[in-house]
2 protein chains.
Amino acid sequence: MPAARAEGGGKSGPAKSGPTLEQVAARAGVGRGTASRVINGSPRVSERTRAAVQAAVAELGYVPNRAARALAAGSMDAIALVVPEQENRLFAEPYFSEILRGVSTELGDTDMQLLLTLIRDQRGRERFAHYAAAHRVDGVLLVSVHGDDPLPDLLRDVGMPAVLSGRRSHDEQLPYVDSDNLLGAQLAVEHLIGRGRRKVATITGPLDMYGARCRLDGYHEALRAADRASGPSPDERLVVEGDFTEEGGHRGMLELLRRDPEVDAVFCASDVMAAGARLALREAGRDVPGDVALVGFDDSAVARHMDPPLTTVRQPIEEMGRAMVRMLLDLMAGAHEHAPGQRRPEGPDETAGRSRLVLPTELIRRRSS
Amino acid sequence: MPAARAEGGGKSGPAKSGPTLEQVAARAGVGRGTASRVINGSPRVSERTRAAVQAAVAELGYVPNRAARALAAGSMDAIALVVPEQENRLFAEPYFSEILRGVSTELGDTDMQLLLTLIRDQRGRERFAHYAAAHRVDGVLLVSVHGDDPLPDLLRDVGMPAVLSGRRSHDEQLPYVDSDNLLGAQLAVEHLIGRGRRKVATITGPLDMYGARCRLDGYHEALRAADRASGPSPDERLVVEGDFTEEGGHRGMLELLRRDPEVDAVFCASDVMAAGARLALREAGRDVPGDVALVGFDDSAVARHMDPPLTTVRQPIEEMGRAMVRMLLDLMAGAHEHAPGQRRPEGPDETAGRSRLVLPTELIRRRSS
DNA sequence: CAGCATGATGGGAGCGCTCCCATACGCGGC
DNA sequence: GCCGCGTATGGGAGCGCTCCCATCATGCTG
């Protein structure tokens with residue numbers, strides 16, 4: 001297929017593109033190699049030459065041709081952000097767009113490109129796997145991966161640097177950035193107990209997701225601690241499993257009310273579920289926070305707009321996005337360093353040390369508790 | 001600015017990549033050119049040869065090298081989705097992610113790549129302009145463009161196919177996909193009047209945005225019609241300008257209550273503003289919908305989670321995303337057809353005809369009205 | 001049966017860049 | 001004043017692909 005030229009552009013050659021390195025070099029009165037060196041910041045160029053080339057670049061408005069660069073260098077200067085489609089819908093929207101914001105911000109200083117891939121079915125997954133295996137990107141960011149997703153291991157096997165948001169298990173082998181779900185949940189429940197609630201229930205996320213399990217652990221942790229301090233005792237009847245959906249929260253709340261009508265507080269593992277629970281409570285004629293205090297997780301937009309506004313656990317999502325990019329770039333740089341000759345700025349296991357990151361969570365107090 | 005190459009990543013050869021066309025050709029026992037023809041679906045290949053090449057592709061797991069292809073063909077096989085950062089935050093989140101979903105879905109059948117660019121400041125804008133001018137992508141999707149944004153015209157000037165979401169004015173010169181803001185607003189206000197409301201106010205969006213003006217026009221239109229049918233008459237005191245933010249909606253509602261305490265209905269030009277207005281009403285001790293009926297615009301998540309759930313005007317956002325992609329691909333393909341020899345499937349002004357699209361809006365009735 | 005159109009095929013010529021080797025230059029030491 | 005070595009520089013050799021033209025094979029016309 002011919003190049004995408006605007007008809008007004010006259011001739012029909014390949015897409016009109018900017019000046020080439022060759023032209024820049026000519027303009028600066030140097031060789032192509034030298035110009036390339038300047039543009040890529042190689043140190044072995046004299047100051048005079050560097051200035052000349054930079055001037056030429058500015059005058060000509062030179063922009064390196066990515067395709068050519070990628071072809072010659074064997075790297076694509078691009079990373080993919082992979083989002084399983086269903087998750088995108090489930091996970092409250094802010095999660096995704098905040099991650100995106102963080103990623104994009106951090107990438108802004110690089111000339112890496114961000115390639116967005118929504119995977120919506122098995123076919124899409126295979127397609128991407130194929131694509132990645134062929135090294136058509138330099139690195140991959142995986143958002144909200146399920147425990148049974150084969151993609152991460154596949155990427156590792158083909159030597160494609162990848163960073164997960166969230167873990168699949170406590171000792172996730174791949175590099176990841178996670179938030180402190182356990183502590184966040186613990187804070188939430190402690191808060192509830194601190195407000196004098198005696199029957200603190202929880203609606204969990206799907207327990208095959210590690211993050212959801214952590215939140216449940218945090219719940220248990222807080223109750224155990226309170227028990228020792230003669231606070232309310234753990235009671236397994238007060239734990240119901242949800243699925244992060246509003247409908248799930250609604251069902252869960254109904255079930256809790258059935259099991260024990262005297263429930264006076266609920267920690268929901270997501271804001272969206274809290275919204276569902278809130279609805280059930282309204283239907284049951286319970287006042288929030290009068291009869292039942294409610295705490296969510298995520299600090300999504302829903303939380304702010306509920307009535308009353310929802311106390312919730314905030315995760316530094318944007319920062320997680322940024323951290324993921326930093327980690328990935330590190331990884332990508334590190335992957336090149338298998339030639340022992342070059343300088344290595346720090347200790348031996350530096351990369352490994354930087355490839356697991358758990359960011360803090362924070363309780364946001366609002367009127368629902 | 002130096003390229004983001006892994007510094008010191010000196011050698012280590014290019015990233016391991018899959019088999020090449022050459023290898024596929026050899027394997028299939030044909031020439032490189034023939035293999036290329038098969039892969040690109042050229043018709044001038046015999047059935048036998050085609051099968052042989054396809055078999056070789058399958059066996060070798062061949063994936064064409066994008067960079068090489070782009071370099072040789074002069075097109076990048078990629079389109080950019082450009083999102084002004086502020087808008088992204090303002091516009092209720094669903095807008096963005098739904099557009100994205102649509103775009104991604106429609107792109108799924110192509111082997112175009114989606115390149116995401118958040119522009120957050122002047123520098124970013126220039127950077128992108130530069131980038132686009134150098135034809136580093138084949139087409140651009142622009143989301144939520146302000147009337148004074150120079151980017152669209154700049155893209156046109158450099159012959160870069162582009163499609164806007166929303167118009168900048170009624171007779172937008174660039175290809176766009178918009179929703180029927182006027183009719184949507186009109187429906188909303190007619191609905192309010194139909195419910196017997198007599199003092200129907202509106203909190204508009206920023207009036208330098210065309211879409212916001214359309215919604216205001218729709219409001220006026222409905223009132224004028226009602227006036228003729230001896231319904232409530234237009235009253236300019238019932239119009240306040242907002243800014244699409246929650247805070248703006250809050251302020252707007254306060255102002256309306258001040259101007260006329262007997263307001264009994266408000267059409268807000270966005271759900272988020274409706275949320276702000278709802279808050280102000282609660283503070284003022286007004287019941288919704290008892291004292292004041294409320295209608296929003298967008299049908300975002302906020303609308304469903306408000307108390308009471310918000311009646312609102314839905315735009316087919318995902319479909320808009322899909323339509324934008326279709327239009328852009330058309331445009332890109334059309335740009336090729338300047339050689340008169342080739343077949344042209346339809347009438348002369350076909351492309352122009354398809355480059356303005358206004359999709360219908362729909363009233364979603366909930367309990368706030 | 002020659003002559004020619006038609007369709008299939010092979011492979012050269014780059015696309016713009018990076019890598020790397022060869023070259024030219026400079027400079028201190030003998 | 002010559003040698004050797006380190007440092008800036010030029011430019012060849014591709015990277016894998018598409019485009020296009022020359023080459024063949026084929027089947028038809030006259």
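So that the names make sense, note that chain A is the first sequence line, chain B the second, and so on, each numbered from 1. The analysis underlying the following values was restricted to heavy atoms, covering all of them including side chains, and did not include hydrogens, waters or symmetry mates.
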Q: Please check if any side-chain donor atom of A:T105 sits under 3.5 Å from a side-chain acceptor atom of B:R120, or the reverse.
A: yes
**Q.** Whole-Å distance separating the CE atom of A:M76 from the P atom of C:dT18
**A.** 14 Å
Q: State whether A:S36 places a side-chain N or O below 4.0 Å from either non-bridging phosphate oxygen (OP1 or OP2) of C:dC17.
A: no
Q. C:dT18 phosphate, OP1 or OP2: any side-chain N/O from A:R69 under 4.0 angstrom?
A. yes
Q. Tell me, which pairs form a salt bridge (Lys or Arg N to Asp or Glu O under 4.0 Å) where one or both residues lie in residues 49-60 of chain B, sequence neighbours left out?
A. B:R27-B:E59, B:E47-B:R50
Q) OP1, OP2 of D:dT18 versus side-chain N and O of B:N40: anything below 4.0 Å? A) yes
Q: Measure from CD on A:E47 to C1' on D:dT7 and round the result to the nearest Å.
A: 15 Å
Q) A:Q23 CD to C:dC15 C1': how many Å, rounded? A) 13 Å
Q: Round to a whole Å and report the spacing from CG of B:L71 to P of D:dC15.
A: 13 Å
Q) Step by step, would you call A:V24 with A:V38 a side chain to side chain contact (heavy atoms under 4.5 Å, CB included)? A) CA-CA 11 Å; A:V24 170; A:V38 170; over 6 Å; no
Q: Using a strict 4.0 Å threshold on nitrogen-to-oxygen distance, state whether A:R326 and A:E319 make a salt bridge.
A: yes
**Q.** Contacts of B:A67 that satisfy side chain to side chain contact (heavy atoms under 4.5 Å, CB included) - sequence neighbours left out
**A.** A:A70, A:L71, A:M76, B:N65
Q.
Once salt bridge (Lys or Arg N to Asp or Glu O under 4.0 Å) is applied, what residue pairs with a partner in residues 31-44 of chain A remain, sequence neighbours excluded?
A. A:E22-A:R32
Q. To the side chain of B:Y62, which of D:dT18, C:dT18, D:dC17 is closest?
A. D:dC17
**Q.** For atom CG of A:L21 and atom P of D:dT9, their distance in whole Å
**A.** 15 Å
Q. Whole Å only: how far is the CG atom of A:N65 from the C1' atom of D:dG16?
A. 14 Å
Q | Nearest-angstrom distance from the residue atom CZ of A:R48 to P of C:dC25 | A | 15 Å
(Q) Using five pairs at each end of the helix from C:dC1-D:dG30 to C:dC30-D:dG1 to define an axis, what is the angle between those two axes, to 10°? (A) 50°
Q: Check the distance between C:dG14's P and A:E22's CD and give it to me in whole angstrom.
A: 13 Å
**Q.** Letter per nucleotide, 5' to 3', of nucleotides 4-11 of chain C [B base touched, S only sugar-phosphate touched, - untouched; heavy atoms, 4.0 Å]
**A.** ---SSBBB
Q | Side-chain heavy atoms of B:M332 within contact of B:I79, under 4.5 Å | A | yes
Q.
Working to the nearest 0.5 angstrom, can you tell me the gap between B:I99 CD1 and B:L141 CG?
A. 8.0 Å
Q: Please list, chain by chain and in numerical order, all residues satisfying side chain to side chain contact (heavy atoms under 4.5 Å, CB included) with A:R127, sequence neighbours excluded.
A: A:R123
